[in-house]
Structures are given as structure tokens and as C-alpha cells.
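Since the structure comes first, as C-alpha cells, the remarks are kept for the end.
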Amino acid sequence: MALQPALRAVLPEAYDPRWLYALQVALPLAALMYLWPGYTELRDSPMPGPQHLLLALALGAGVFAVWIRLDFPPWVIGESEGFDPRNETGRLLIGLAFVRLFGATLVVPVMEELFWRSFILRWLEHPRFKGVHPSAVGVVPLLISSALFATEHHLWLAGFLAGLA
């Protein structure tokens with residue numbers, strides 16, 4: 001994301017800069033695949049029981065509902081560019097839409113959870129974070145990590161509430 005302005009500057013004029021999102025998906029996906037053996041908390045954790053799965057689904061639905069409803073001032077930082085996977089004639093660019101959906105639904109959420117919950121949340125509790133179970137984290141690290149998570153989102157209040165959830 002940080003390199004995007006520089007990359008846009010050197011791209012040929014005929015190149016659609018929206019395709020840079022594919023790079024934003026490919027690099028974290030490659031890192032996830034390469035580092036996957038080190039994510040022991042994902043690989044070695046038992047499957048959650050039905051009550052935890054239902055709770056996760058309910059929280060996910062709640063976060064979704066909040067996310068689409070808190071899109072007005074003062075709960076918004078700046079303006080969102082939005083994303084339109086159509087070309088100038090209005091034709092849907094299937095490949096671009098697929099890359100965007102794949103990244104936004106599968107790659108980004110996994111990377112965010114690994115960074116914010118598996119690392120930052122537990123590291124704020126104790127620098128030797130691998131020994132900290134996420135359920136053992138106190139309120140202060142939860143609030144700090146949720147506030148930091150909110151700062152990276154256009155809908156900051158929704159981001160904060162999602163971080164708490």
C-alpha cells in the first residue's frame with residue numbers, strides 16, 4: 001500500500017492502476033504461505049465447539065451490520081475512494097472483481113487477524129506473546145489494539161467495534 005503512489009507514477013499510462021491491488025493480495029498471500037508452518041496457534045488449536053461457532057457467526061453478523069451503518073460523520077475519517085470493477089464503458093472486469101473479492105474476503109482478514117489478534121494484542125499483554133493465550137489478554141491491551149485497528153480504517157468507529165468484537 002505504501003508503494004502504490006510510486007508504482008502508479010512509473011506505470012505506463014495505458015495500465016489500469018486498480019490492478020495494483022493484485023500485488024497487494026499476492027505479497028501477503030505469499031508471506032502467509034511461506035510462514036504458515038510458524039502459525040502454530042492456527043494449526044494446533046482444537047476446532048471450536050458449536051457454541052463458539054455460533055457466537056463467532058453472531059459477532060460477524062453484528063460487525064457486518066455495524067460496518068454498513070456507521071458510514072456518516074463523525075464516525076468516518078476522510079473519504080473512501082470506493083471500488084468499481086467496471087471499465088470506462090461499464091463492462092464488468094471479472095478478473096479485477098475476482099482479485100478484489102479474493103483479497104478482501106480471504107487474504108486481508110487472515111493477515112489482519114494474525115497481525116492484530118495473534119501478535120499485537122498478545123504482545124501488548126506480554127513481550128513473549130507466544131505464551132499468551134488470546135483469552136488471557138486484559139482489557140487495556142484489547143482497547144489499545146482495537147484503537148490502533150480503528151486508525152487503519154475509513155470507518156473508524158466500526159473498526160474499533162470490530163476490534164473489540
Side-chain angles (χ1 to χ4, degrees), residues 1-9 11 15-29 31-32 39 41-42 48 51-88 90 92-93 95-127 129 132-165:
M1 289 173 63
L3 294 175
Q4 200 171 60
L7 290 172
R8 281 182 182 216
L11 285 174
Y15 185 80
D16 185 345
R18 295 177 299 174
W19 280 101
L20 287 175
Y21 187 78
L23 190 60
Q24 287 178 239
V25 171
L27 293 175
L29 181 60
L32 269 173
Y39 298 128
E41 66 271 24
L42 295 176
Q51 71 277 18
H52 289 110
L53 288 174
L54 287 173
L55 176 61
L57 286 171
L59 282 173
V63 165
F64 174 75
V66 164
W67 207 275
I68 63 172
R69 302 302 253 155
L70 290 177
D71 62 345
F72 54 88
W75 315 121
V76 176
I77 298 173
E79 290 189 31
S80 176
E81 291 181 23
F83 180 79
D84 186 353
R86 295 175 294 178
N87 65 12
E88 57 280 345
L92 177 66
L93 301 172
L96 188 60
F98 174 80
V99 167
R100 184 65 178 215
L101 285 171
F102 178 78
T105 59
L106 298 176
V107 178
V108 172
V110 172
M111 286 300 289
E112 282 186 340
E113 290 305 309
L114 286 169
F115 180 73
W116 292 106
R117 308 299 171 264
S118 182
F119 172 59
I120 294 292
L121 179 67
R122 298 186 306 161
W123 180 79
L124 287 168
E125 184 68 30
H126 195 280
F129 67 95
V132 178
H133 192 275
S135 65
V137 172
V139 172
V140 172
L142 176 64
L143 292 173
I144 292 171
S145 67
S146 297
L148 291 171
F149 182 72
T151 65
E152 74 167 12
H153 290 88
H154 169 66
L155 303 175
W156 70 268
L157 181 60
F160 182 73
L161 295 173
L164 290 177

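All heavy atoms count here, side chains included; hydrogens, waters and symmetry mates do not.
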With distance as the sole test, does Trp116 use its side chain to make a donor-acceptor pair with the main-chain N or O of Met111 at under 3.5 Å?
no
Minimum heavy-atom separation for Ser145 to Ile120, with atom names?
CB-CG2, 4.0 Å
With a 4.5 Å heavy-atom cut-off, do Gln24 and Val107 have their side chains touching?
no
Expected output: side-chain Arg122 to main-chain Ser118 donor-acceptor under 3.5 Å:
yes
Going by the angle between their ring planes, with limits at 30° and 60°, are Phe119 and Phe129 parallel, tilted or perpendicular?
perpendicular
Verdict with supporting geometry, Val66 and Phe160, side chain to side chain contact (heavy atoms under 4.5 Å, CB included):
CA-CA 11 Å; Val66 164; Phe160 182 73; over 6 Å; no
Between Glu125 and Gly138, is there a donor-acceptor pair closer than 3.5 Å when you use the side chain of the first and the backbone of the second?
yes
Sequence neighbours excluded, the answer for side chain to side chain donor-acceptor pair (under 3.5 Å) partners of Asn87 is Thr89
Residue set satisfying side chain to side chain donor-acceptor pair (under 3.5 Å) with Arg86, at least two apart, ordered chain then number -> Asp84
Arg117 NZ/CZ over Phe149 ring centroid, <6.0 Å and within 45° of normal
yes
With ring pair (Phe, Tyr, Trp, His ring centres under 6.0 Å) as the test, would you mind laying out the steps for Trp67 and His154 before giving the verdict?
CA-CA 10 Å; Trp67 207 275; His154 169 66; 9.7 Å; no
Answer yes or no: is there a donor N or O on one side and an acceptor on the other, between the side chain of His153 and the main chain of Leu155, under 3.5 Å?
no
Quick one: which of Leu27, Leu114, Leu106 gives a side-chain contact (heavy atoms from CB on, under 4.5 Å) with Leu32?
Leu114
